[in-house]
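Okay, so here's the structure we're looking at.
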Amino acid sequence: MPDSAEIIASLRQRIAAVERVRAVAAPCLVATGHAGIDAALGGGLARAGLHELFGQAQDDSGSAGGFAAMLASRIAGAETPETIFWLREASAERRGGCLHAPGLAELGLDPGRVVLGVLDDPASLLKVANDVVRCPDVAVAVIELWREPRVLDLTASRRLAVAAEASGVTVLMLRAEAEPSPSAAHTRWSVAAACAAPLDAEAPGHPTLDIQLLRQRGGRADLGWRVEWDRDAKIFRDAALSGALLAPSGGGPLAPHERRSG
């Protein structure tokens with residue numbers, strides 16, 4: 001018979017395990033700092049979920065990548081040294097160039113916290129991504145895929161979403177030169193570059209984006225905002241040029257397909 005000390009230790013271990021499961025299962029929202037976006041999301045972006053980011057047009061892939069870096073910086077925070085994985089195809093290096101460490105730093109994302117993985121093909125990338133997303137020590141996994149690879153189907157997205165829910169990892173699926181298709185994503189976003197208001201002495205303004213919430217599981221969508229990114233505070237706020245709600249895209253490359261895929 002085990003003594004009371006062993007029984008107590010065993011119970012404590014079981015309770016700790018249950019609490020960890022509860023912590024992952026409980027919804028955890030990360031506020032973006034923008035009142036309109038956070039209200040639309042019910043308080044903020046859901047951690048432990050899959051979120052898709054698309055460029056509004058082919059030339060906006062870089063803007064979508066910047067949005068991914070901003071969100072990763074916000075989600076990971078600065079108080080804990082959590083790791084951010086950025087996985088991309090080798091062809092992305094040829095098409096769009098390498099990730100620029102000083103550029104990430106300018107957006108407030110510490111390059112020293114980013115583990116970059118460059119894979120030969122989409123199948124290899126998704127295989128590694130599934131392993132990464134299962135690791136609870138990872139804060140954010142950015143999975144960058146170009147166009148519409150066959151291996152990225154509804155089943156593949158569900159596998160990532162389930163792994164994210166179990167581990168607590170936030171997955172940002174960055175889709176370059178692609179159109180939305182059915183997936184298990186919690187939210188879907190469209191991103192485009194916008195003109196920034198200059199700072200004093202005509203200094204370059206804050207990074208400014210037009211973002212649209214195309215889809216949200218169980219919530220309202222078809223909303224858009226023009227926002228700027230405050231690197232130091234790591235928050236989004238209304239852009240100086242316009243804080244008004246933007247009309248959803250009526251004729252861009254995403255609109256017809258979005259109506260079909262839902």
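Along the sequence shown, residues carry numbers from 1.
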Membership question, hydrophobic clusters at under 4.5 Å side-chain separation (ILVMFWY): are [Y] and [X] in the same one?
| X | Y | result |
| --- | --- | --- |
| Leu50 | Ile211 | no |
| Leu154 | Leu126 | no |
| Leu172 | Val118 | yes |
| Met70 | Val169 | no |
| Val128 | Leu116 | no |

Closest contact, heavy atoms only, [X] versus [Y]:
| X | Y | value |
| --- | --- | --- |
| Glu179 | Phe54 | C-CE2, 3.5 Å |
| Val151 | Ala123 | CG2-N, 4.0 Å |
| Ala164 | Val133 | N-CG1, 3.5 Å |
| Ala185 | Arg215 | O-NH1, 2.8 Å |
| Glu177 | Ser61 | N-OG, 3.6 Å |
| Cys98 | Arg88 | CA-NH1, 3.8 Å |

Report task. Anything under 30° is parallel, anything over 60° is perpendicular, the rest tilted; go ahead and classify Trp225 against Trp189. Result ->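 Because their plane-to-plane angle lies in the 30° to 60° range, the rings of Trp225 and Trp189 count as tilted.
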Query raised in the report: Can Arg237 and Asp230 be counted as an ion pair, charged N to O under 4.0 angstrom?
Result: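 Answer for the salt bridge query: yes.
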If you measure from [atom1] on [X] to [atom2] on [Y], what distance do you get to the nearest 0.5 Å?
| X | Y | atom1 | atom2 | answer |
| --- | --- | --- | --- | --- |
| Gln56 | Leu214 | CD | CG | 8.5 Å |
| Leu45 | Gln216 | CG | CD | 9.5 Å |
| Thr155 | Leu160 | OG1 | CG | 11.5 Å |

Report task. May I ask you to check whether Phe67 and Phe236 place their ring centres under 6.0 Å from each other? Result ->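 Ring centres of Phe67 and Phe236 closer than 6.0 Å.
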Requested in this report: Please indicate whether Arg95 has more than 12 foreign heavy atoms, meaning atoms of other residues, nucleotides or ligands, lying under 6.0 Å from its CZ.
Outcome: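 Yes, because the 6.0 Å sphere around CZ of Arg95 holds more than 12 heavy atoms from other groups.
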